[in-house]
Amino acid sequence: LLKRNFKETLSLVEEILFEPRWDSKEFERIKRQTAEQIKRRSASPSTIASQVFNKLNFGDHILSNSTSGTVGSVQSIILEDLKSYYNANFSSNLAKISIVGDIRKNEAVNALSGIVEKWEDKGIEIPMSPLPDPNKKAKVYFVDVPNAKQSEIRIGYLSLPRTHPDYFANTVMNMKLGGNFSSDINLMLREEKGFTYGARSGFSGSKYSGMFMASSAVRTNTTEESMNIFKDLMEAYQKPIPEKGLEFVKNVELKSNARRFETLNALRGMISTIATYDLPFDYIKNEENIVREMTAGSHNELVKKYIKPNEMIYLVVGDKKTQFNGLRSLGFGSPIELNTEGESIK
C-alpha cells in the first residue's frame, strides 16, 4: 500500500478484525462460489493427484484433508458456526504482524497499539495428533481418468518439518536432482525426452510435517517410461555428486540469495518466516554457511538418508486402459487402483 495511506488502511484492518459484518447474503454467495470451485477442481487430474497423494501419505490424519473442504462440508456451514469459531478462537497469541517499508520501529509500534490493546489473548493452542510413520515399502497406485491425454505423476513420502536441522540442507541437496530448471529430472524429461513442460522434486515442510515429492504431468503414452526415469534418476543420485555438480549447486544457491530479498514483499516474507518458525534474525547467513560448508560427502549422506526410491509411494492419475499394466515394470508389484477419493477399488 502507499505510505500516505498507511494509517487509514490500519483503521480499516482494525474494523475488519474486531467488527466483522456477518453479512448473510455475502456469506451465501461465498458458499456457492466455494462449492463450485471444489466441483471444478475435483475434475482436474492435477487436483486429484495432489489430494490422493496426501491421503496415501497422511492416512486418516487431519492433514490429509483439503483446506477447501468438500461440497458437503461447505454447504453444511451456517453463519452461526463462523460466529462461534470467531468468538472461541480469534486470539492474539495465534497472530503474527509483519511490516516492511519506509517506517521506523517506534512508528510501527505506535500505529499498531490500538490493534494490540484490543486483541485478547485467549491462550488458544492448535491441537495436532501424532503423524503417521513415513512409507517404508514402495507401492504403485493408479487413479483412472478415462482417455486422459496426460498422466499426473506424484512420487515421494513424508519427510522433515521446516524446523528440522536438516531441512534447509535437504533443499540444497535436492537442487541438482530436481530443484532447478537445469536439474537432472527436468533436463531428462523435458529437454532430452520432450515428455513434459516441466518436472521437479523437492522438500516442503511446515511446523508439524514435511514431505519429499517428485512430480510432473507427462504425455499419456510416455507414462511408464517417465515413471522409470524418475526411479532411475533417484537411484543414480545415490552415487556421490561430482565436484562440478556440487559447485553448480552452491553457485545457484548463493547467487539466487542475493536476489531473494529485493522486493518489499520478499522482505516481509523473510520476517514472517522468522516469526513463524522462531528462527534467528541472521538465519539467511546460517543457511549460506550450510551451502558453503557442504561437501560431496555430506551431500551424499543426506541423499542416502532422505531419498530412498525403494520406500516411496508412486502414484499415477491417468488413463487406466493404456497405462495401468505397464507400471509393473517399476518392480514394485501390480499397481493398486484407487478412486478419486483415494479409496481402494477391489
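Both backbone and side-chain heavy atoms feed into the values below; hydrogens, waters and symmetry mates do not.
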(message) Atom CG of residue position Leu1 - does it have more than 12 heavy atoms of other residues, nucleotides or ligands inside 6.0 Å?
(response) yes
(message) Check whether Lys118 reaches the backbone of Phe18 with its side chain - one donor and one acceptor, N or O, closer than 3.5 Å.
(response) no
(message) Give me each pair satisfying ring pair (Phe, Tyr, Trp, His ring centres under 6.0 Å) with a member in residues 138-192, each pair once, sequence neighbours excluded.
(response) Phe142-Phe324
(request) Return yes when atom CD of Glu8 has more than 12 non-hydrogen atoms of other residues, nucleotides or ligands closer than 6.0 Å, and no otherwise. (result) yes
(message) Can you confirm whether more than 12 heavy atoms, excluding those of Lys96, are under 6.0 Å from its NZ atom?
(response) yes
(request) State whether a side-chain donor-acceptor pair under 3.5 Å links Ser298 with Thr295. (result) yes
(request) Answer yes if the side chains of Glu293 and Asn289 hold a donor-acceptor pair under 3.5 Å, and no otherwise. (result) no
(request) State whether the side chain of Glu28 and the backbone N or O of Ser24 hold a donor-acceptor pair below 3.5 Å, judged by distance alone. (result) no
(message) Angle between ring planes, Phe203 versus Phe212, binned at 30° and 60°: parallel, tilted or perpendicular?
(response) tilted
(request) Kindly check if the number of other-residue, nucleotide or ligand heavy atoms within 6.0 Å of CG (Asp81) is above 12? (result) yes
(request) Report yes or no: does Gln323 contribute a side-chain atom to a donor-acceptor pair with the main-chain N or O of Thr220 at less than 3.5 Å? (result) yes
(message) Atom NZ of residue position Lys122 - does it have more than 12 heavy atoms of other residues, nucleotides or ligands inside 6.0 Å?
(response) yes
(message) Can you see whether Glu288 engages Asn257 through a side-chain donor-acceptor pair at a distance of less than 3.5 angstrom?
(response) yes
(request) Verify, without hydrogens or angle tests, whether Lys176 (side chain) and Gly245 (backbone) share a donor-acceptor contact under 3.5 angstrom. (result) no
(message) We want to know whether Ser215 and Arg200 form a side-chain donor-acceptor pair, criterion being a heavy-atom distance below 3.5 angstrom.
(response) yes
(message) Taking CD in Glu26 as the centre, count heavy atoms belonging to other residues, nucleotides or ligands within less than 6.0 Å. Is the count above 12?
(response) yes
(message) Is it the case that the side chains of Ser329 and Asn228 hold a donor-acceptor pair, with the cut-off being a distance below 3.5 Å and no angle test?
(response) yes
(message) Whether Arg162 engages the ring of Tyr277 as a cation-pi pair (distance to the six-membered ring centre under 6.0 angstrom, angle to the ring normal within 45°) should be assessed.
(response) yes
(message) Is there a path of hydrophobic side-chain contacts, each under 4.5 Å between heavy atoms, that joins Leu158 and Ile155?
(response) no
(request) Answer yes when Lys105 and Glu107 have at least one side-chain N-carboxylate O distance shorter than 4.0 Å, and no when they do not. (result) no
(message) Can a donor-acceptor pair be found, under 3.5 Å and without considering hydrogens, that links the side chain of Arg292 to the backbone of Ile290?
(response) no
(request) Any pair with a residue in residues 35-45 that passes side chain to side chain donor-acceptor pair (under 3.5 Å), sequence neighbours left out, goes on the list, sorted by first then second residue, please. (result) Arg41-Ser68
(message) With a 3.5 Å distance limit and no angle check, can you tell me whether Thr196 reaches the backbone of Ala199 through a side-chain donor-acceptor pair?
(response) no
(message) Surrounding NZ of Lys139 (heavy atoms of other residues, nucleotides or ligands, distance under 6.0 Å), is the total greater than 12?
(response) no
(request) Assess the side chains of Arg328 and Ser334: does a donor N or O sit below 3.5 Å from an acceptor N or O? (result) yes
(message) Within the 3.5 Å criterion, strictly below it, is a donor on Asn54 or Ser64 matched to an acceptor on the partner's side chain?
(response) no
(request) Test side-chain contact (heavy atoms from CB on, under 4.5 Å) on Met213 and Ser204 and set out the steps. (result) CA-CA 8 Å; Met213 183 175 72; Ser204 59; over 6 Å; no
(message) Checking Asn93 against Ser91: is there a side-chain donor and acceptor pair closer than 3.5 Å?
(response) yes
(message) Donor-acceptor pair, distance only, cut-off 3.5 Å: does the side chain of Tyr314 make one with the backbone of Pro309?
(response) yes
(request) Check the pair Tyr208 / His61 against ring-ring contact (aromatic ring centres under 6.0 Å, His included), numbers first and verdict last. (result) CA-CA 12 Å; Tyr208 307 105; His61 196 277; 9.0 Å; no
(request) Kindly check if the number of other-residue, nucleotide or ligand heavy atoms within 6.0 Å of CG (Asp102) is above 12? (result) no
(request) Would you check if the side chain of Asp319 reaches a backbone N or O of Ala148 as a donor-acceptor pair within less than 3.5 Å? (result) no
(message) Quick one: does any side-chain atom of Ser50 pair with a main-chain N or O of Ser46 as donor and acceptor, under 3.5 Å?
(response) yes
(request) May I ask you to decide if Leu177's main-chain N or O and Asp184's side chain share a donor-acceptor pair within less than 3.5 Å? (result) no
